Amino acid sequence: MTFSEITDLLMAQFGPDVIQQANTTNPQPFLVVQKTAIASLCQFLRDDERLFFDFLACMTGIDNGLQASTMEVVYNLTSIPYEHNLTLKVVMPRNADGEPLPEIPTVTHIWRTADWHEREIYDLVGIRFEGHPDLRRILLPTDWQGHPLRKDYQDLETYHGIKVK
């Protein structure tokens with residue numbers, strides 16, 4: 001199934017409010033999806049027998065910086081039996097200092113591998129996954145301050161008396 005055919009199917013199922021943009025100008029075309037619908041859309045992508053996106057290959061968290069004031073979660077999906085791929089993006093407002101971290105629904109109930117990806121994004125970028133069964137740091141110590149892949153992250157000089165710079 002082509003990107004265009006998948007897009008048409010999703011537009012028919014979810015409508016233009018959920019599929020906010022279809023970008024075909026990039027070498028890897030992608031759909032921008034409304035954040036509140038990401039879990040139901042992913043469930044459909046996995047369960048619909050015409051699509052069967054059975055593999056969440058990767059999830060990436062992106063901080064677009066203070067000027068853009070947005071963050072993204074990118075989902076790279078694969079249908080192993082049908083040999084097609086799909087990239088989804090969810091763009092959300094970036095939080096300011098002192099505000100709660102941005103949140104997006106979890107997809108751990110759809111693909112088990114999302115558990116690792118969501119914890120890594122939370123740990124390094126600072127995006128919370130609502131409904132995640134065990135959202136906690138996965139790479140950094142539990143008492144680490146901040147999220148090191150954020151554009152406004154301030155490097156620590158020391159950690160428990162050990163120089164880290």
Side-chain angles (χ1 to χ4, degrees), residues 3 17-46 53-80 85-165:
F3 177 79
D17 291 340
V18 170
I19 310 299
Q20 298 173 326
Q21 177 189 2
N23 185 316
T24 57
T25 60
N26 283 16
Q28 173 90 27
F30 62 87
L31 297 174
V32 177
V33 177
Q34 183 183 40
K35 144 176 125 163
T36 56
I38 189 64
S40 58
L41 187 123
C42 285
Q43 186 82 53
F44 178 80
L45 287 167
R46 189 200 64 190
F53 282 97
D54 56 329
F55 181 49
L56 172 64
C58 187
M59 278 178 73
T60 308
I62 301 170
D63 178 358
N64 293 318
L66 297 170
Q67 233 175 0
S69 196
T70 60
M71 300 182 96
E72 299 178 15
V73 177
V74 180
Y75 302 77
N76 298 101
L77 309 177
T78 299
S79 172
I80 295 170
N85 300 301
L86 180 63
T87 300
L88 305 175
K89 285 186 180 188
V90 174
V91 181
M92 65 196 86
R94 187 182 195 284
N95 67 305
D97 246 359
E99 292 179 348
L101 296 175
E103 276 195 340
I104 186 170
T106 186
V107 293
T108 54
H109 59 288
I110 302 167
W111 299 288
R112 287 189 63 203
T113 188
D115 178 60
W116 171 275
H117 294 299
E118 290 179 1
R119 287 181 61 194
E120 182 181 46
I121 291 167
Y122 166 70
D123 196 7
L124 299 178
V125 184
I127 297 173
R128 296 190 57 77
F129 290 86
E130 182 183 351
H132 188 285
D134 189 22
L135 191 63
R136 59 189 163 93
R137 291 200 181 268
I138 196 164
L139 298 172
L140 296 170
T142 57
D143 62 345
W144 193 269
Q145 296 297 307
H147 305 277
L149 294 184
R150 289 183 65 118
K151 303 283 185 184
D152 58 353
Y153 179 72
Q154 299 294 315
D155 288 338
L156 299 176
E157 295 284 329
T158 62
Y159 175 72
H160 291 281
I162 300 168
K163 190 173 177 159
V164 293
K165 260 185 159 177

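Index from 1, following the sequence. The shown structure was predicted, so the numbers you read here are calculated from the model rather than taken from an experiment.
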Measure from the side-chain N and O atoms of D54 to the backbone N and O of I80, and report whether any donor-acceptor pair falls under 3.5 Å.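 Between the backbone of I80 and the side chain of D54 there is a qualifying donor-acceptor contact (under 3.5 Å).
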Judged by atom type as modelled, is there a donor-acceptor pair below 3.5 Å linking the side chain of N76 to the main-chain atoms of A57?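 No, N76 side chain to A57 backbone: no donor-acceptor pair under 3.5 Å.
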Pairs meeting criterion salt bridge (Lys or Arg N to Asp or Glu O under 4.0 Å) with involvement of residues 103-121, two or more places apart: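 Passing the test, one end in residues 103-121: E103-R128.
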Using the salt bridge (Lys or Arg N to Asp or Glu O under 4.0 Å) rule, collect all pairs that involve residues 135-149, keeping only residues at least two apart or in two chains.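 Non-adjacent pairs meeting salt bridge (Lys or Arg N to Asp or Glu O under 4.0 Å): D123-R137, D134-R136.
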Where do L56 and L77 land on the side chain to side chain contact (heavy atoms under 4.5 Å, CB included) test, with the steps shown first? CA-CA 5 Å; L56 172 64; L77 309 177; 3.5 Å; yes
Under a 4.5 Å cut-off applied to non-hydrogen side-chain atoms, are [X] and [Y] in contact?
| X | Y | answer |
| --- | --- | --- |
| L140 | L124 | yes |
| L45 | L88 | yes |
| K151 | L66 | no |
| L149 | D63 | no |
| D152 | R94 | yes |
| I62 | V125 | no |
| Y75 | L86 | no |
| Q28 | V74 | no |

If you round to the nearest 0.5 Å, how far is [atom2] of [Y] from [atom1] of [X]?
| X | Y | atom1 | atom2 | answer |
| --- | --- | --- | --- | --- |
| F53 | N85 | CZ | CG | 7.0 Å |
| E72 | I104 | CD | CD1 | 10.5 Å |
| K35 | M71 | NZ | CE | 11.5 Å |

Where is the tightest heavy-atom contact between A39 and T106, given as atom of each residue plus distance?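 What the structure gives for the nearest pair is CB-O, 3.8 Å.
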Looking only at heavy atoms, what is the nearest atom pair of N95 and P102, with distance?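 It is OD1-CD, 3.2 Å.
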Is there any ring-ring contact (aromatic ring centres under 6.0 Å, His included) pair reaching into residues 101-139, and which pairs are they, with sequence neighbours excluded?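 Every ring-ring contact (aromatic ring centres under 6.0 Å, His included) pair that includes a residue of residues 101-139, provided the two are not neighbours, is Y122-H147.
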Evaluate L101 against R150 for side chain to side chain contact (heavy atoms under 4.5 Å, CB included), listing each step before the verdict. CA-CA 12 Å; L101 296 175; R150 289 183 65 118; 3.9 Å; yes
For a quick check under 3.5 Å, do Q34 and D17 share a side-chain donor-acceptor pair by atom type?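 Per modelled atom types, Q34 and D17 side chains form no pair under 3.5 Å.
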Give the intermediate values and the outcome of side chain to side chain contact (heavy atoms under 4.5 Å, CB included) for residues V33 and V18. CA-CA 6 Å; V33 177; V18 170; 4.2 Å; yes
Does E99 CD have over 12 foreign heavy atoms under 6.0 Å away?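 Count over threshold, so yes.
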